[in-house]
Amino acid sequence: MILWGPPGCGKTTIARIMSNMTQSRFVELSATSHNTAHVKQAFDEAKSYLSLTAQKTIIFIDEIHRFTKSQQDLFLPYVEHGTIRLIGATTENPSFKVNSALLSRCKVFVLKTLNQDHIEAILTRGLEEWRGEEVVVDTDKDKDAIKQLAVFSDGDDTVKGAFQKSHLLYDRNGDQHYDIISALHKSIRGSDADAALYWLGRMLEAGEDPLYVARRLVRCASEDIGLADNTALPLAMATYQACEKIGMPECDTILAHLVVHLAETKKSVRSYKAYNLVKQTIQQKPQYPVPMHIRNAPTKLMEVKYKI
């Protein structure tokens, strides 16, 4: 199986629970600290263990998407022949990051981020067990502390690890990158300036290239604002040039200025839709010749020809 979900949602915990429930031999690997040689060795050892004990091994591979698709080919014979039980964990969409042959032999489970209520329940239960069953967590001070821990954990049930986070969860080459820029674009399209500013902040505070954001906003100024506000495109270009000249952190306010303007101004997609129809016509219709009366006539002879 493949467990797909954000960091801290319990992928590794689920694998360990399954191992305990089935009383299986459990081997835990990570693509960030182990290479394919380590994985192949673990698979070979699992094969030998199966021959000796008739018991299968669960091999858990964290961050499985970090192995290339050619490297993942090495897993196929072991999975296909049932030598091992493979559990892969990934924060990236497995449709793009996991070998299709391997993926077809696995069941994919999508896990969600733990919300604040879930984290508070976990922390409350843990505190009660640590203090003893006779002590109930009910004081305002306890509740406030637990609430703050839940907020800081940001969906991660390992609160100690959460406090060590020095950056926002954001992968400039992964799904988060595309999901958040999409959220920014759609918030602008929906005229929600508050939401647009939030998604802008999520990208900039996580270290996104401001020029990437500015380029997308230039496109947005033409695609979504278009003819309804012809000042939007020059403002977007000026923002791009300002970001290019002064960079972060000074250009964050400039980007925020543009985002609010794009969100709050009128919208028109007339030119965007019209050009899409032009492209469709070019692809589906014959290539019509240029009418004679609008052709270029650089010589007197051609002028006469056009008149005739």
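All residue numbers in this chain count up from 1 along the given sequence. Keep in mind it's a predicted model, so treat the numbers as computed, not measured.
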Which atom pairs, donor and acceptor, lie under 3.5 Å between side-chain atoms of residues 233-260 and protein residues at least two apart or in another chain?
from	atom 1	to	atom 2	distance (Å)
T239	OG1	L235	O	2.9

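- Not a single donor-acceptor pair under 3.5 Å links the side chain of S182 to the backbone N or O of Y178.
- Nearest heavy-atom pair across I146 and L123 is O-CD1, 3.7 Å.
- Within the 4.5 Å cutoff, side-chain heavy atoms of R25 are placed close to those of E45.
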Derivation and outcome, side chain to side chain contact (heavy atoms under 4.5 Å, CB included), residues I14 and L111
CA-CA 11 Å; I14 288 173; L111 307 179; 3.8 Å; yes
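- Looking at heavy atoms from C-beta onward, N230 lies in side-chain contact with L227 at the 4.5 angstrom threshold.
- Listed by first then second residue, pairs satisfying salt bridge (charged side-chain N to carboxylate O under 4.0 Å, His left out) with a partner in residues 105-120 read E80-R105, not counting sequence neighbours.
- The two residues T113 and P6 come nearest to each other via the heavy atoms OG1-CG, 2.9 Å.
- In the hydrophobic clustering of this structure, V108 does not group with M1; members are Ile, Leu, Val, Met, Phe, Trp, Tyr whose side-chain heavy atoms approach within less than 4.5 Å, directly or through other members.
- Under a hydrophobic-cluster definition in which Ile, Leu, Val, Met, Phe, Trp and Tyr are linked whenever side-chain heavy atoms come within less than 4.5 Å, directly or via other members, L29 and F60 are assigned to different clusters.
- For the atom pair CD1 of I180 and CZ of R202, the computed distance is 4.0 Å after rounding to the nearest 0.5 Å.
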Go through the steps to decide whether I84 and V79 satisfy the test side chain to side chain contact (heavy atoms under 4.5 Å, CB included), and finish with yes or no.
CA-CA 6 Å; I84 55 114; V79 174; 4.1 Å; yes
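- The two residues Q72 and I64 have their closest heavy-atom pair at NE2-O, 3.6 Å.
- By the 30° and 60° cut-offs, the orientation of the rings of F75 relative to F43 is perpendicular.
- Side-chain atoms of S24 do not come within 3.5 Å of backbone N or O of S19 as any donor-acceptor pair.
- With T90 contributing its side chain and E92 its backbone, the two residues share a donor-acceptor pair below 3.5 Å.
- Residues K69 and Q71 fail the side-chain proximity criterion, which asks for heavy atoms closer than 4.5 Å.
- For L103 against P94, the heavy-atom pair with the smallest separation is CD2-O, 3.8 Å.
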Quick one: do T91 and K11 satisfy side chain to side chain contact (heavy atoms under 4.5 Å, CB included)? Show the steps, please.
CA-CA 10 Å; T91 56; K11 299 185 291 295; 4.1 Å; yes
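- For residues 267-293, no residue pair satisfies the salt bridge (charged side-chain N to carboxylate O under 4.0 Å, His left out) rule, not counting sequence neighbours.
- Closest heavy-atom contact between Q55 and Q23: NE2-O, 2.6 Å.
- At a threshold of 4.5 Å between side-chain heavy atoms, the hydrophobic network of Ile, Leu, Val, Met, Phe, Trp and Tyr places I58 and W4 in two separate groups.
- Distance NZ/K266 to CD1/I225: 12.0 Å, rounded to 0.5 Å.
- Once rounded to the nearest 0.5 Å, the distance linking CG of D192 with OH of Y198 reads 13.0 Å.
- Judged as a salt bridge (Lys or Arg N to Asp or Glu O under 4.0 Å), and not counting sequence neighbours, the contacts of K40 are D44.
- A heavy-atom distance below 4.5 Å is not found between the side chains of T265 and T231.
- H261 contributes atom NE2, which lies 11.0 Å from atom CD1 of I188 (distance to the nearest 0.5 angstrom).
- Between F67 and N35, the shortest heavy-atom distance links the atoms CE2-C, 4.0 Å.
- The distance from atom NE2 of H38 to atom OG1 of T36, rounded to the nearest 0.5 Å, is 9.5 Å.
- Put simply, L217 and Y212 are part of the same group of oily side chains (I, L, V, M, F, W, Y) that touch within less than 4.5 Å, one to the next.
- Counting Ile, Leu, Val, Met, Phe, Trp and Tyr side chains that sit under 4.5 Å apart, directly or through other members, Y275 shares a hydrophobic cluster with V278, I282.
- Judged as a salt bridge (charged side-chain N to carboxylate O under 4.0 Å, His left out), the pairs with a partner in residues 13-23 (not counting sequence neighbours) are, in order, R16-E28.
- One distance of note links CE of M18 with OG1 of T13; it measures 13.0 Å at 0.5 Å rounding.
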Full working for side chain to side chain contact (heavy atoms under 4.5 Å, CB included) between K147 and Q116:
CA-CA 8 Å; K147 185 175 181 179; Q116 188 168 326; 3.4 Å; yes
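- Remark: side-chain polar atoms of K56 are paired, donor with acceptor, to backbone N or O of G82 under 3.5 angstrom.
- Clustering ILVMFWY residues whenever any of their side-chain heavy atoms sit less than 4.5 angstrom apart, transitively, puts L74 in the very cluster that holds V27.
- In this structure, V269 and E223 have side chains that are not in contact, with every pair of non-hydrogen atoms separated by 4.5 Å or more.
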